[in-house]
Chemist: 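Structure provided below as structure tokens; questions to follow.
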Amino acid sequence: ASNEPDTLDQPPLKKLVGDVGVVVQHYNSRPDVGVVQRLESPIIGLKNFNNWVKSVLISRFAHPVLAKSPSSNGYSGPGRGGRGGSGKVLDMGCGKGGDMTKWAKAHVRELFGVDIAAVSVDQARSRWESMRGPRFEAHFAALDCYTEPLSKAFSPAKLAQPFDVVSMQFCMHYAFETVQKARCMLENVSRHLRTGGVFIGTIPNADILLEHLDELPPDKDDLSFGNSVYKIRFENRDSKPMFGHKYWFFLQDAVENVPEYVVRWENFVQMAADYKLYPVYKEEFHQVFEEHQEHPEFKPLLVRMKVVDTNGESAMDEDQWEAANIYIAFAFEKR
Ligand code: SAM
């Protein structure tokens, strides 16, 4: 290991005002509840299902790319006391590091976790430090990835070798406030991703959101819909801009009325092509379930991750199942 510090000395994050301030404040203030307390969440079935979908994405799209990582050739380093893995991953919007076990299972060698919420980043680092079992190298930094380049947080030496995978889970939509932010985000995804590398993520399903909005009675002033688990309230139904089409999102025991923005798929795909990123997969979460529920690897994982019990009973009630399909999963390849 070099003596180089993990991250560059960082200037204090710009004063976070406006929507981004609300987002940061929200995520920073959510407690990092332990595994035991997490089990008591009223939407534990939905949380487990979301984690299962992320595991499927990582196993199906990231793991093969990691296994074939050119950076794995001749690698004999010990990781941090564990088995050396194969590739290098950037988890943008990593939050409290909830996906680290999934990355360990995918045999990652080096993980970079970045998030605008500095408290969450500290929690992710602590979680990594206390992880048992096979270890991987990890570097963490607080950074607004939608207004600042990644090179502001990590030294050129750390970024010299490109990433094999970039992952953005449940966070990319915050970039769609403006075209500038969306482009900055895509630049950060693509600049340090190798050709043949993959970009995976999960975002709200614009088709479903806009369908619900269109179905609201014309005279309804309160532009909201949802069920006992989630609520979405739009600000405007007359104009549907490509960027900055804002709604407030509430998810029981997870997200308390945070401003988010619609990500129109075609717009996203078109822009991503400017960064040499091309879609290879896009499915609603219900479809991800349909496709993989009988899969020899992912079916037993449904039970292990407590999405269904050993009798095949779902841990989600109907409202949770409906809320699950607010999201889509995607994978892009860099060509
Ligand atoms: N990816 C994690 C997961 O799947 O558990 C966390 C998801 S959480 C719903 C959304 C994350 O996006 C928050 O941690 C938030 O701080 C982060 N985020 C929002 N805006 C960001 C920005 N401009 N730069 C980096 N991270 C951002």
Side-chain angles (χ1 to χ4, degrees), residues 16-27 29-30 41-47 49-50 53 93 146 168-183 185 201-272 282-290 314 316-330:
L16 298 165
V17 289
D19 284 356
V20 73
V22 179
V23 172
V24 173
Q25 154 73 16
H26 174 267
Y27 285 110
S29 63
R30 278 202 65 78
S41 168
I43 57 154
I44 187 64
L46 175 58
K47 287 185 176 177
F49 177 65
N50 287 343
V53 171
Y146 310 156
M168 293 193 75
Q169 304 301 336
F170 300 106
C171 59
M172 195 192 79
H173 42 295
Y174 296 109
F176 279 68
E177 182 179 6
T178 63
V179 62
Q180 291 83 358
K181 285 190 178 194
R183 288 202 171 270
M185 175 274 294
T202 41
I203 49 170
N205 185 344
D207 291 343
I208 289 203
L209 263 45
L210 296 177
E211 228 174 79
H212 277 300
L213 180 63
D214 286 341
E215 282 166 1
L216 292 175
D219 54 348
K220 194 167 187 267
D221 288 335
D222 168 27
L223 301 177
S224 67
F225 51 84
N227 61 26
S228 64
V229 169
Y230 82 99
K231 186 174 162 191
I232 285 173
R233 182 169 58 81
F234 272 89
E235 295 220 305
N236 200 330
R237 73 191 309 174
D238 303 322
S239 82
K240 296 188 174 105
M242 289 294 170
F243 300 94
H245 193 189
K246 178 165 156 181
Y247 57 89
W248 296 86
F249 185 57
F250 167 85
L251 181 66
Q252 191 186 15
D253 195 38
V255 184
E256 280 133 56
N257 288 318
V258 169
E260 301 194 351
Y261 308 93
V262 178
V263 180
R264 302 272 277 274
W265 180 254
E266 294 308 328
N267 181 37
F268 169 38
V269 168
Q270 228 175 49
M271 235 190 340
K282 177 217 175 199
E283 288 300 351
E284 297 183 345
F285 274 23
H286 282 182
Q287 191 58 29
V288 177
F289 178 76
E290 293 297 323
S314 173
M316 282 177 278
D317 61 21
E318 264 181 41
D319 280 2
Q320 288 179 51
W321 179 241
E322 185 192 326
N325 214 36
I326 299 174
Y327 291 96
I328 58 169
F330 66 75

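Numbers here are sequence positions counted from 1.
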Chemist: Within the distance-only criterion (no hydrogens, no angle test), does the side chain of S314 pair as donor or acceptor with the backbone N or O of M316 below 3.5 angstrom?
Modeler: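 Answer holds: yes.
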Chemist: Specify the closest pair of heavy atoms between F176 and M242, including all atoms of both residues, with the distance to one decimal.
Modeler: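 For F176 versus M242, the nearest heavy atoms are CD2-O, 4.4 Å.
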Chemist: Given the rule in the side-chain contact (heavy atoms from CB on, under 4.5 Å) test, do T178 and Y261 qualify, once you have shown the distances and angles that lead to the verdict?
Modeler: CA-CA 9 Å; T178 63; Y261 308 93; over 6 Å; no
Chemist: For residues D222 and R233, report the shortest heavy-atom separation together with the two atoms involved.
Modeler: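 Scanning both residues completely, I find the closest heavy atoms to be OD1-CD, 3.5 Å.
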Chemist: If we ignore hydrogens and angles and just use 3.5 Å, is the side chain of D319 paired with the main-chain N or O of S228 as donor and acceptor?
Modeler: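 Flag set: sc D319 to bb S228 pair under 3.5 Å.
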Chemist: Going by the angle between their ring planes, with limits at 30° and 60°, are F234 and Y247 parallel, tilted or perpendicular?
Modeler: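 Ring orientation of F234 relative to Y247: tilted.
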Chemist: Do side-chain atoms of D19 reach the backbone of P259 as a donor and acceptor pair under 3.5 angstrom?
Modeler: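 Checked: no pair found.
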Chemist: Side chains of Q320 and D317: closer than 4.5 Å at any heavy-atom pair?
Modeler: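 In short, these two side chains touch, coming nearer than 4.5 Å.
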Chemist: Shortest non-hydrogen contact from I328 to E284?
Modeler: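 Of all heavy-atom pairs spanning I328 and E284, the closest is CG2-CA, 3.8 Å.
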Chemist: I'd like to know if the side chain of E235 and the backbone of K246 have a donor-acceptor N/O pair within less than 3.5 Å.
Modeler: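 No, the answer is negative, given that no donor and acceptor are paired below the 3.5 Å cut-off.
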Chemist: Short question: side chain of T202, backbone of F170 - any donor-acceptor pair under 3.5 Å?
Modeler: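 Yes; at least one donor-acceptor contact below 3.5 Å.
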Chemist: Parallel under 30°, tilted from 30 to 60°, perpendicular over 60°: which one fits the rings of Y230 and F249?
Modeler: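 Y230 and F249: tilted rings.
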Chemist: Can M172 and F330 be said to form a side-chain contact (heavy atoms from CB on, under 4.5 Å), step by step?
Modeler: CA-CA 11 Å; M172 195 192 79; F330 66 75; 4.0 Å; yes
Chemist: Let me check something: any side-chain donor-acceptor pairs from residues 262-271 under 3.5 Å, sequence neighbours excluded? List them with distances.
Modeler:
residue: R264; atom: NH1; partner: K240; partner atom: O; Å: 3.2

Chemist: Do you know the tightest heavy-atom contact between P204 and E260?
Modeler: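 That closest heavy-atom pairing would be CG-OE1, 4.1 Å.
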Chemist: Just say parallel, tilted or perpendicular for the rings of H286 and W321, cut-offs at 30° and 60°.
Modeler: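 Because their plane-to-plane angle is under 30°, the rings of H286 and W321 count as parallel.
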Chemist: Quick one: do V255 and Y27 satisfy side-chain contact (heavy atoms from CB on, under 4.5 Å)? Show the steps, please.
Modeler: CA-CA 8 Å; V255 184; Y27 285 110; 4.1 Å; yes
Chemist: Could you report the tightest heavy-atom contact between W248 and N257, atom names first, then the distance?
Modeler: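 So the two residues come closest at CE3-O, 3.5 Å.
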